[in-house]
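Below: one structure, written as structure tokens.
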Amino acid sequence: QVQLVESGGGLVQAGGSLRLSCAASGRTFSGNVMGWFRQAPGKEREFVATINWSGGSTRYVDSVKGRFTISRDNAKNTVYLQMNSLKPEDTAVYFCAASRRMVLTTIPSEYFYWGQGTQVTVSS
């Protein structure tokens, strides 16, 4: 059974940091583009960051540029999202996903495996 399992979420004060992890099992995703998305209550799921198979190419939504960093360790079949200088508007459930595309994509429908999500809450 293929699974993506996120961890590392929690409650943090504004200005703080969290590191999310997404561990894959059941198959390797070392050749896949991976991404992070988030969904706040009452809002659509939003693209956050994506990374290519080697980690050499990344893309971010403008609101997190300079604060968040996506990375991957293919040997561990794991993707990370380092989140610094967190703001209350970053509060959401964060999901990792594996894309069926070989190029970076921000479109949710182009991701075919999803984790269950991890809650991130940033207090002011």
Side-chain angles (χ1 to χ4, degrees):
Q1 182 181 2
V2 178
Q3 282 189 311
L4 297 176
V5 179
E6 302 95 336
S7 62
L11 173 63
V12 64
Q13 288 188 330
S17 298
L18 285 173
R19 188 193 196 204
L20 305 185
S21 298
C22 172
S25 62
R27 60 160 282 178
T28 179
F29 290 100
S30 59
N32 293 76
V33 166
M34 301 293 292
W36 285 96
F37 292 77
R38 65 187 179 187
Q39 188 165 19
K43 294 190 176 182
E44 296 288 319
R45 188 166 296 191
E46 174 190 36
F47 163 77
V48 176
T50 183
I51 188 167
N52 75 334
W53 71 272
S54 70
S57 183
T58 59
R59 186 179 297 172
Y60 300 89
V61 66
D62 286 347
S63 60
V64 309
K65 285 180 181 177
R67 301 188 298 121
F68 290 12
T69 303
I70 188 172
S71 62
R72 66 191 299 163
D73 185 336
N74 288 336
K76 295 182 178 179
N77 220 14
T78 300
V79 179
Y80 305 96
L81 185 67
Q82 177 67 44
M83 306 187 296
N84 299 329
S85 302
L86 282 160
K87 304 176 181 180
E89 51 263 44
D90 294 318
T91 295
V93 177
Y94 283 71
F95 300 88
C96 74
S99 175
R100 63 180 83 247
R101 299 286 307 277
M102 299 301 292
V103 294
L104 297 181
T105 176
T106 66
I107 303 171
S109 62
E110 294 184 342
Y111 289 78
F112 65 141
Y113 282 111
W114 290 82
Q116 82 291 347
T118 186
Q119 176 70 47
V120 171
T121 302
V122 184
S123 63
S124 57

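Looking at Ser99 and Glu110, their side chains never bring a donor and an acceptor atom within 3.5 Å of each other. Checking Thr121 against Gln119 by side-chain atom types alone, a donor-acceptor pair falls below 3.5 Å.
The ring of Phe29 has its center no closer than 6.0 angstrom to the ring center of Trp53.
Thr69 places no side-chain N or O within 3.5 Å of a backbone atom of Gln82 that could act as its donor or acceptor partner. Glu6 contributes a side-chain N or O that, together with a main-chain N or O of Gln116, makes up a donor-acceptor pair within less than 3.5 Å. In terms of modelled atom types and a separation under 3.5 Å, the side chain of Arg67 and the main chain of Ser85 share a donor-acceptor contact. Of the possible polar contacts, none joining the Ser109 side chain to the Ile107 backbone as a donor-acceptor pair under 3.5 Å is found. With hydrogens and angles disregarded, no donor-acceptor distance shorter than 3.5 Å links the side chain of Asn32 to the backbone of Met102. Here the side chain of Asp90 pairs a donor or acceptor atom with the backbone of Lys87 at under 3.5 angstrom. For the pair Asn52 (side chain) and Gly55 (backbone), a donor-acceptor distance under 3.5 Å is present.
Using a 4.5 Å heavy-atom cutoff, the side chains of Arg72 and Met34 are in contact. A 4.5 Å side-chain heavy-atom check between Ser57 and Leu104 finds at least one atom pair inside the cut-off. Looking only at side-chain heavy atoms (C-beta outward), Leu81 and Val48 come within less than 4.5 Å of each other. Taking the side chain as every heavy atom from C-beta outward, Val2 and Arg27 approach each other to under 4.5 Å.
Ile70 and Phe68 fall within the same hydrophobic cluster, defined by Ile, Leu, Val, Met, Phe, Trp and Tyr side-chain heavy atoms under 4.5 Å apart, directly or through other members. Follow the hydrophobic side-chain contacts under 4.5 Å out from Ile51 and you never reach Val5; the two are in separate clusters.
Looking at Trp36, Tyr111, Tyr60 one by one, the single match for side chain to side chain donor-acceptor pair (under 3.5 Å) with Thr50 turns out to be Tyr111.
To the nearest 0.5 Å, atoms OG (Ser7) and OH (Tyr80) are separated by 9.0 Å.
Using cut-offs of 30° and 60° for the angle between ring planes, the Trp114 and Phe37 rings count as tilted.
Nearest heavy-atom pair across Ser124 and Pro88 is CB-CG, 3.8 Å. Residues Leu4 and Ala97 approach most closely at CD1-CA, 3.9 Å, considering heavy atoms. For Thr91 against Val122, the heavy-atom pair with the smallest separation is OG1-N, 2.9 Å.
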Can you check side chain to side chain contact (heavy atoms under 4.5 Å, CB included) on Arg38 and Val93, steps first, answer last? CA-CA 5 Å; Arg38 65 187 179 187; Val93 177; over 6 Å; no
Counting only pairs under 3.5 Å, give me each side-chain donor-acceptor contact of residues 15-23, with atom names and distances, residues two or more places apart or in other chains.
from: Ser17; atom 1: OG; to: Asn84; atom 2: OD1; distance (Å): 2.9

